[in-house]
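These numbers come from the heavy atoms of this one structure, side chains and all, not from hydrogens, waters or symmetry mates. Keep in mind that what you see is a predicted model, and the values were worked out from it rather than measured.
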Amino acid sequence: MFSIEHEFDSTVVTLVDEGEGPLQEDVIVNGFEECITVEQYDPRTDRVNMITFSMSQMRDLAASLSLPEGVYSRKDKGS
């Protein structure tokens, strides 16, 4: 299950782990104009861990989801 909310300066997607246990904590993806952040609460440390992707890194990640193993270089349109 997931939800999508539009905030003032970002779009927030929350991914909820469902199904058989053990389940993981929710993953929250914040889409800003200049970057994407991914957050997940870690109950072992009682902290929220955050990763920040540049828009270029996010495009690389999206492209990588449908490719076989290997090393790639993505060219932006117009390059």
Side-chain angles (χ1 to χ4, degrees):
M1 179 176 93
F2 64 92
S3 67
I4 301 171
E5 301 172 60
H6 298 290
E7 302 290 336
F8 172 72
D9 63 345
S10 69
T11 297
V12 179
V13 177
T14 302
L15 308 172
V16 178
D17 198 8
E18 295 182 291
E20 300 296 319
L23 300 178
Q24 299 294 315
E25 296 290 330
D26 294 354
V27 173
I28 300 171
V29 180
N30 292 287
F32 298 95
E33 185 174 333
E34 70 282 350
C35 67
I36 304 289
T37 63
V38 179
E39 302 174 8
Q40 186 176 43
Y41 174 72
D42 183 349
R44 295 171 295 161
T45 61
D46 194 31
R47 294 180 60 190
V48 173
N49 296 311
M50 182 189 309
I51 298 172
T52 302
F53 292 91
S54 69
M55 297 312 282
S56 179
Q57 288 173 314
M58 200 66 219
R59 287 188 292 272
D60 287 349
L61 176 61
S64 74
L65 295 176
S66 62
L67 294 170
E69 184 176 342
V71 177
Y72 300 89
S73 177
R74 184 185 48 78
K75 293 186 179 182
D76 287 327
K77 292 179 182 177
S79 295

J.: To the closest 0.5 Å, what do you measure between CD (E25) and CG (N49)?
T.: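 E25 atom CD to N49 atom CG measures 11.0 Å (nearest 0.5 Å).
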
J.: Can you tell me how far CE of M58 sits from CD1 of I36, rounded to the nearest 0.5 angstrom?
T.: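 Reported value, rounded in 0.5 Å steps: 6.0 Å.
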
J.: Do D26 and T14 pair up side chain to side chain, a donor and an acceptor below 3.5 Å, judged on atom types alone?
T.: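 No.
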
J.: Same cluster or not: V29 versus V16, using hydrophobic residues (I, L, V, M, F, W, Y) connected whenever any side-chain heavy atoms lie under 4.5 Å apart?
T.: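 Result: no, two separate clusters.
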
J.: Looking only at side chains, do D46 and Y41 share a donor and an acceptor under 3.5 Å apart?
T.: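 Looking only at side-chain atoms, Y41 and D46 do form a donor-acceptor pair, the distance falling under 3.5 Å.
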
J.: Between V48 and V12, is there a shared hydrophobic cluster once you connect ILVMFWY residues whose side-chain heavy atoms come closer than 4.5 Å?
T.: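 No, it is not one cluster - the side chains of V48 and V12 are not joined through contacts under 4.5 Å.
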
J.: Mind running side chain to side chain contact (heavy atoms under 4.5 Å, CB included) on H6 and I4 for me, showing each step along the way?
T.: CA-CA 7 Å; H6 298 290; I4 301 171; 4.2 Å; yes

J.: Quick one: pull up CD in E39 and OG1 in T37 and give me the separation to the nearest 0.5 Å.
T.: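 OG1 of T37 is found 5.0 Å from CD of E39.
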
J.: On a heavy-atom basis, which atom in S10 and which in N30 lie closest, and how many Å separate them?
T.: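 Minimum heavy-atom contact is OG-OD1, 4.2 Å.
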
J.: Around atom CD of E33, are there more than 12 heavy atoms from other residues, nucleotides or ligands closer than 6.0 Å?
T.: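 Not more than 12 within 6.0 Å, no.
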
J.: Same cluster or not: are F53 and M50 linked, directly or through other Ile, Leu, Val, Met, Phe, Trp or Tyr residues, by side-chain heavy atoms under 4.5 angstrom apart?
T.: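 In one cluster: no.
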
J.: Once rounded to the nearest 0.5 Å, what's the spacing between atom CG of L15 and atom CD of Q40?
T.: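 L15 CG to Q40 CD: 9.5 Å, rounded to 0.5 Å.
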
J.: Do side-chain atoms of E18 reach the backbone of M1 as a donor and acceptor pair under 3.5 angstrom?
T.: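 Present.
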
J.: Quick one: SG on C35 to CD on Q57, what's the gap to the nearest 0.5 Å?
T.: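 Going from the SG atom of C35 to the CD atom of Q57 covers 10.0 Å.
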
J.: Would you give the length of the straight line joining atom OG1 of T52 to atom CZ of F32, rounded to the nearest 0.5 angstrom?
T.: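 T52 atom OG1 to F32 atom CZ measures 8.5 Å (nearest 0.5 Å).
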
